[in-house]
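As a basis for the values below, the full set of heavy atoms in this structure was taken, side chains included, without hydrogen atoms, waters or symmetry mates.
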Amino acid sequence: MTGDASLALWARALAVGSLLHAALPDFEAEGWGLPQGVEIVGAMLLLWRPHLLGFLLTAVSVAYPLLFLRDVMTQSLYLLIVSLVGAVAAFYGTASASSKARMAVTGTTSVIYATAAVHKLNTDFFNPEISCAHHAYAQFLDYLLPSAWVQAVGVPGASLSGVVVLVELLLAVLVWRRHPARFVVALLFHLPLTLTLAPAFGAVIFSGHVAGLRARELVVARQWVSDRRGTLLAAAGFGLALNAACAGARDFATVPIWCVLDAERLTRALQASAAGPLIVVAIGLLRGARATRNPPMSALVSAPAVLFVLHGLLPYTGIAVQHTAAMLSNLRVDPSCHNSLIFPEALRVRDGYVYLTVLEFAGGQRPARSALGPTTLWNIAALYAMRENWCVDHLRPIHVAGRWRGQDFDVADLCGDLGTALPKDVGWPPAELFPSFQAFQKNLPRACFQPCVH
């Protein structure tokens, strides 16, 4: 562990993001309880101080769902990377290790924004009819305004998609340069998503902004907080009231208060109330601090950022899509629907999707489910999940046939030994070792024109 003030502040910011990550609905699924508990314990340790055990517990708590519980979130991979970086700093416990660790986190945060922007450079993201930018816009308007007003506001054109891409690229530059404006831009960009579609990602990635704080900025922030406590309280109250007015009022009219104040609404209310003071402090940093360039990174310090960039390019090779910052991007990499504007199909080294031609349940049962076979893009993890969820005596045998990684297969009963029935696995990750690793989207329709493909 180390007593470095900047590392301690980053560790606490990471802990807050980790706690919100652990509060996501994903953790309500079977098997997620233990990782959730471990993550909470790790976060509590990091709230206390940048302790080696706290970083390691956080890393373990997100690594297990990634490998074994079909976790699809980029923020989980981000937490794994930066927790391991923090563990190295805590292990050495020196000011130099702390500085290098925070620089590595800053670089990783910057390239995530850049990678996310690159993934959005596709034809569907710039199509207002199906763009995730317009989907998020509609969700936020619905949250912010009465339904009658939403229709009056109208829907912007493709320019909205361009603005989103430019803001993400701007954030990548601001984070890399450790420019104080990054806090204001990030808060305004992530808050609408936090209150609607991505309740934890904003807090998780915001911890990466905190990692770049310099000693002077810490002094300015502390002085600003000390001099404006009343303003901060008022800003917190305003955020809480606005959240109640936008979301809670409709609930209070029809639902008892003890039903309204569930964990999800409470978390959202706390985040809304925290946003006000954070914006006030961010404005103080913008007024009182100066931008600096990151010093040249050594190969070791830049390794996490470089690794994430390489990993972020995997969709265009056909190896993986999930965990690559492609969320809310409309990106399609399957051969018939490839839509990237900058990466050609020639980069694809393999097609990782499973194409079912047959999905039959015993005695012709479940015709609706059977119809999903030829109309859906499957993946190997989805087949294992299908076996886990659907293999009951009255539905067996489940006959599946199709094509995977260039090889035809015909499995008389999915509930048998799937590992030997499928073609031999090639590439990474090997399905025999990690059958639950979710490299591709779950149950993605084969039709190309799909609204907001995550």
Side-chain angles (χ1 to χ4, degrees), residues 26 29 62-63 65-78 80 115-116 118-120 122 124-125 130 132 308 310-340 343 345 347-357 359 372-390 400 402-409 411 414 418-419 422-454:
D26 304 67
V62 292
L66 282 170
L67 292 175
F68 303 109
L69 296 177
R70 304 184 183 95
D71 187 343
V72 301
M73 294 180 286
T74 295
Q75 60 185 283
S76 299
L77 179 63
Y78 176 79
L80 174 60
T115 306
V118 167
H119 289 322
K120 292 179 175 65
N122 64 73
D124 290 356
F125 189 75
I130 58 176
C132 286
F308 191 89
L310 295 176
H311 181 263
L313 295 176
L314 288 183
Y316 309 103
T317 67
I319 294 176
V321 174
Q322 302 289 26
H323 323 114
T324 62
M327 60 284 180
L328 298 174
S329 69
N330 292 96
L331 182 66
R332 293 289 294 262
V333 297
D334 45 307
S336 60
C337 300
H338 183 95
N339 64 4
S340 175
F343 291 101
E345 290 192 64
L347 292 177
R348 187 188 304 112
V349 297
R350 74 178 190 212
D351 180 5
Y353 289 100
V354 174
Y355 299 86
L356 292 185
T357 54
L359 174 57
L372 291 175
T375 62
T376 301
L377 279 176
W378 300 84
N379 57 79
I380 193 62
L383 291 186
Y384 278 96
M386 189 192 305
R387 183 174 68 165
E388 181 181 327
N389 297 327
W390 296 357
V400 294
R403 189 169 183 81
W404 178 50
R405 293 184 178 175
Q407 302 179 65
D408 294 324
F409 66 89
V411 181
L414 180 72
L418 186 59
L422 287 174
K424 182 174 176 57
D425 188 17
V426 292
W428 179 260
E432 293 90 344
L433 295 179
F434 302 104
S436 295
F437 181 82
Q438 195 74 48
F440 296 92
Q441 301 99 319
K442 294 185 288 187
N443 301 338
L444 181 67
R446 289 196 195 182
C448 299
F449 193 79
Q450 294 295 327
C452 194
V453 174
H454 291 238

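In plain terms, the two heavy atoms of Val321 and Ala326 that are nearest each other are O-CB, 4.1 Å. The nearest pair of heavy atoms linking Arg446 to Gly373 is NH2-O, 3.8 Å. Thr324 and Thr74 make their closest contact through N-OG1, 3.6 Å (heavy atoms, listed as atom of the first residue, atom of the second, distance). For the pair Lys442 and Val72, the tightest heavy-atom approach, listed with the atom from each and the gap, is CE-CG1, 4.4 Å. Closest approach of Thr357 to Pro374, counting heavy atoms only: O-CG, 4.1 Å.
Counting only distance, with no hydrogens or angles, the side chain of Asn330 and the backbone of Asn122 share no donor-acceptor pair below 3.5 Å. Asn379 places a side-chain N or O within donor-acceptor distance of the main-chain N or O of Gln441, the cut-off being under 3.5 Å. No donor-acceptor pair under 3.5 Å is formed between the side chain of His119 and the backbone N or O of Leu328.
Between Phe343 and Leu313 there is a side-chain heavy-atom pair separated by less than 4.5 Å. Contact annotation: the side chain of Tyr355 never approaches that of Trp404 to less than 4.5 Å [non-hydrogen atoms, C-beta and beyond]. In this structure, Pro445 and Thr375 have side chains that are not in contact, with every pair of non-hydrogen atoms separated by 4.5 Å or more. Using a 4.5 Å cut-off on side-chain heavy atoms (C-beta onward), Leu331 and Asn339 make contact.
One distance of note links CG of Leu347 with OG of Ser340; it measures 8.5 Å at 0.5 Å rounding. For the atom pair Ser436 OG and Arg70 CZ, the distance stands at 4.0 Å (nearest 0.5 Å). The CG atom of Leu67 lies 12.5 Å from the CD atom of Gln438; values are rounded to the nearest 0.5 Å. Here the CE-CG distance, from Met386 to Leu359, works out to 5.5 Å after rounding to the nearest 0.5 Å. Here the CD-CZ distance, from Gln322 to Phe437, works out to 9.0 Å after rounding to the nearest 0.5 Å. The line from SG of Cys448 to CG of Asp334 is 6.5 Å long, rounded to the nearest 0.5 Å.
Every residue meeting the side chain to side chain donor-acceptor pair (under 3.5 Å) condition with Glu345, not counting sequence neighbours, appears here in chain and number order: Arg348. Every residue meeting the ring-ring contact (aromatic ring centres under 6.0 Å, His included) condition with Phe440, not counting sequence neighbours, appears here in chain and number order: Tyr353. The side chain to side chain donor-acceptor pair (under 3.5 Å) test applied to Asp71 returns Ser76, not counting sequence neighbours.
When ring centroids are compared, His323 and Phe308 stay outside the 6.0 Å threshold.
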Trace of the side-chain contact (heavy atoms from CB on, under 4.5 Å) decision for Arg332 with Leu377: CA-CA 11 Å; Arg332 293 289 294 262; Leu377 279 176; 3.7 Å; yes
